[in-house]
There are 2 protein chains.
Amino acid sequence: MVKPSKDIFKVLSSFTEPGLQTGILEHGSLAQAKKGDVLIKEGQYLNFLPIVIKGRIRVFQEKDDREILLYYVAKGETCMMSLSSAYFDYNSKANGIAMEPTELLVLPAFVIAEWQLRYPSWNRFIIQTFKARYDDLLQAFGDVAFKPIQARIKDYLASKVTENSSKQVAISHQTLANELGTTRVVVSRILKEMELDKVLTLHRGYIELT
Amino acid sequence: MVKPSKDIFKVLSSFTEPGLQTGILEHGSLAQAKKGDVLIKEGQYLNFLPIVIKGRIRVFQEKDDREILLYYVAKGETCMMSLSSAYFDYNSKANGIAMEPTELLVLPAFVIAEWQLRYPSWNRFIIQTFKARYDDLLQAFGDVAFKPIQARIKDYLASKVTENSSKQVAISHQTLANELGTTRVVVSRILKEMELDKVLTLHRGYIELT
DNA sequence: GAATGTGTGTATCAAAAGATACACAAGGTG
DNA sequence: CACCTTGTGTATCTTTTGATACACACATTC
């Protein structure tokens, strides 16, 4: 049980109220996760709220041997599943796995509602989280409902290109399939078509957009 | 511009603080919508928050000539799109249409954030709305991503049977297709298969589960 | 370099879903 | 009744997606 230091407010810069900062230092603890660590499992009850200080968490749904991405939790953000779960005593409807070595600030569930009425910046944080996750999900929902996989692959790759400002996207076909909720063979097939259409070049382990 | 009376708190029974009630009576106004009235259009900016007092609103996404249901807004509830839009000055990502003659309490956007810090019951209302809509959407997302249409039709009809405690579900094939994001022909085909499997009987304008 | 795991290409077949077109029935309206 | 709208049944064809199977290349480890 490691206590956080004031350094975390370099990352959590939106939490400005002195009382809030004191509360975080008092009730919070720091936890580490290795790449691949399972942080949240579907069905699990959570009575704490993790906020990512460093690293990234992938949150996804699973059914049989298929997966589909919901969202990533980046530095300074928290996970919707935990928030819902901690706030309402519901269980998680998704899984969360650390993508890289990740550092978490863990807060007990009871502070969420309490601080929300007391500290405007905390309230804003909670509302922002709900809103951002809802928007993400809505976007994903529309895509799955209306777009063919080909277009979704294109979109996914395009967003990665922007995100990393590199034309080369390091991802395997299997992982891409897991992000989009389909299978490896389908992804390979479509990627090959796209290569024939000259929109990208395929390599082992990465894809190069043209 | 019709001012609301105290009667609305029969519906909005969770708003207990006297100050909140006064605020609602002061800043709110009542509006009526006829069946089929378009209340929210995709892309629209909203600077008000409507709360349903009577009736029901259908919120859905649209692309080309396809539709897919997001959720219904029932008595005492508000619409996630409006909330997001009014709270954050974003535009709506969905459409809202009155399903029946509907009465709305309309509040100006600025009250949302203000009341949220001042009145716990209002805060709870806002959070509940986010949470409930997120859950709905997550469920729908998983269904679209993983379930074949046949199963989704089954689920949809089953939920209507429960909701109305009647084995007869009054819905046309076209409307059902619009709820699920597919086309009429597909729905008719699958329903016919299901009739041959003896799980339901088809009639003009309604479907009877067995 | 043999063994193993991971990543990719591809063929074949099957199932699901969509597009288009047409027939017809039921109900309401003039 | 003639007319129009809405709802349904269904055939045909195509596209998309999925399932299974197999080959092979690259990389890592022993």
Side-chain angles (χ1 to χ4, degrees), chain A residues 35-36 62-68 99 142-157 160 168-209, chain B residues 35-36 61-68 99 140 142-157 160 168-209:
Chain A
K35 179 178 174 178
E62 201 172 15
K63 175 154 183 179
D64 301 327
D65 51 351
R66 295 270 192 91
E67 289 183 4
I68 192 162
M99 304 275 299
D143 287 355
V144 171
F146 295 130
K147 287 188 189 171
I149 297 183
Q150 157 128 20
R152 292 170 53 217
I153 291 179
K154 228 175 229 165
D155 291 351
Y156 185 91
L157 293 176
K160 288 292 167 189
Q168 303 194 347
V169 181
I171 192 169
S172 76
H173 298 184
Q174 180 62 61
T175 305
L176 187 44
N178 285 344
E179 297 285 82
L180 300 179
T182 181
T183 62
R184 200 273 304 172
V185 180
V186 171
V187 169
S188 290
R189 184 192 320 172
I190 291 174
L191 283 175
K192 182 52 73 178
E193 284 168 18
M194 292 168 83
E195 188 177 42
L196 295 177
D197 288 349
K198 312 267 183 212
V199 302
L200 48 77
T201 323
L202 296 176
H203 306 270
R204 181 186 175 85
Y206 71 98
I207 297 164
E208 190 169 9
L209 280 283
Chain B
K35 180 177 172 175
Q61 280 197 314
E62 201 172 14
K63 174 153 186 180
D64 303 324
D65 51 350
R66 293 270 192 93
E67 289 183 5
I68 191 162
M99 305 273 299
D143 287 355
V144 171
F146 295 130
K147 287 189 189 171
I149 297 183
Q150 157 128 18
R152 291 170 53 217
I153 291 179
K154 226 175 231 169
D155 291 352
Y156 185 91
L157 293 175
K160 288 292 169 189
Q168 303 194 349
V169 180
I171 193 170
S172 77
H173 298 184
Q174 180 62 60
T175 304
L176 187 44
N178 286 344
E179 297 285 82
L180 300 179
T182 182
T183 61
R184 201 273 303 171
V185 181
V186 170
V187 169
S188 289
R189 182 197 301 158
I190 291 175
L191 283 175
K192 182 52 73 177
E193 283 169 20
M194 291 169 83
E195 188 177 42
L196 295 178
D197 287 349
K198 312 271 184 208
V199 303
L200 48 75
T201 322
L202 297 175
H203 307 269
R204 183 186 175 85
Y206 70 99
I207 297 163
E208 191 168 7
L209 280 285

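Treat the numbers as computed from the prediction; the structure is a model and nothing was measured. Each chain gets a letter, A, B and so on, in the order the sequences are listed, and its residues count up from 1.
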Taking for each residue the nucleotide of DNA chain D with the nearest heavy atom, is it B:Val185 or B:Ala145 whose nucleotide lies nearer the 5' end?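 Nearer the 5' end of the strand: B:Val185.
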Starting at the 5' end of DNA chain D and moving along, which residue's nearest nucleotide shows up first, A:Ile190 or B:Arg184?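 It is B:Arg184 whose nearest nucleotide is closer to the 5' end.
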Within-4.5 Å side-chain heavy-atom neighbours: [X] and [Y]:
X: B:Ile68; Y: B:Val144; answer: yes
X: B:Lys160; Y: B:Ile171; answer: no
X: B:Thr182; Y: B:Arg152; answer: no
X: B:Val169; Y: B:Leu176; answer: no
X: B:His203; Y: B:Gln168; answer: no

Touch check for A:Leu202, heavy atoms < 4.0 angstrom, all strands: base, sugar-phosphate only, or nothing?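 Sugar-phosphate: the residue A:Leu202, judged by heavy atoms under 4.0 Å, touches backbone atoms but no base.
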Determine the contact category for B:Ile149: base if any of its heavy atoms lies under 4.0 Å from a base atom, sugar-phosphate if only primed atoms, P, OP1 or OP2 are that close, otherwise nothing.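 Result for B:Ile149 = sugar-phosphate.
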Report for the helix from C:dG1-D:dC30 to C:dG30-D:dC1: angle between first-end and last-end helix axes, five pairs each, rounded to 10 degrees.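 Rounded to the nearest 10 degrees, the bend comes out at 30°.
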Rounded to whole Å, how long is the line connecting atom [atom1] of [X] with atom [atom2] of [N]?
X: B:Arg189; N: C:dA19; atom1: CZ; atom2: P; value: 11 Å
X: A:Lys192; N: C:dT8; atom1: NZ; atom2: P; value: 11 Å
X: B:Ile153; N: C:dG18; atom1: CD1; atom2: C1'; value: 14 Å
X: B:Ile68; N: C:dA17; atom1: CD1; atom2: P; value: 13 Å
X: B:Leu180; N: C:dG18; atom1: CG; atom2: P; value: 10 Å

Carefully, step by step, assess A:Arg189 and A:Lys192 under the rule side-chain contact (heavy atoms from CB on, under 4.5 Å). CA-CA 5 Å; A:Arg189 184 192 320 172; A:Lys192 182 52 73 178; 5.9 Å; no
Any chance you could measure B:Thr175, atom OG1, to B:Leu180, atom CG, to the nearest 0.5 Å?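 CG of B:Leu180 is found 11.0 Å from OG1 of B:Thr175.
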Using 0.5 Å steps for rounding, measure from the CG atom of A:Leu200 to the CD1 atom of A:Ile207.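 A:Leu200 CG to A:Ile207 CD1: 6.5 Å, rounded to 0.5 Å.
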Using the side-chain contact (heavy atoms from CB on, under 4.5 Å) rule, take A:Arg66 and A:Thr183 through it: C-alpha gap first, then chi angles, then the decisive distance, then the call. CA-CA 7 Å; A:Arg66 295 270 192 91; A:Thr183 62; 3.5 Å; yes
What range of DNA chain D does chain B touch, first nucleotide to last, counting atoms under 4.0 Å from its heavy atoms?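 Footprint of chain B along DNA chain D, 5' to 3': D:dT6 to D:dA11.
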Given that B:Arg204 and B:Pro148 both sit by DNA chain C, which one's nearest nucleotide is further toward the 5' end?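 The answer here is B:Pro148.
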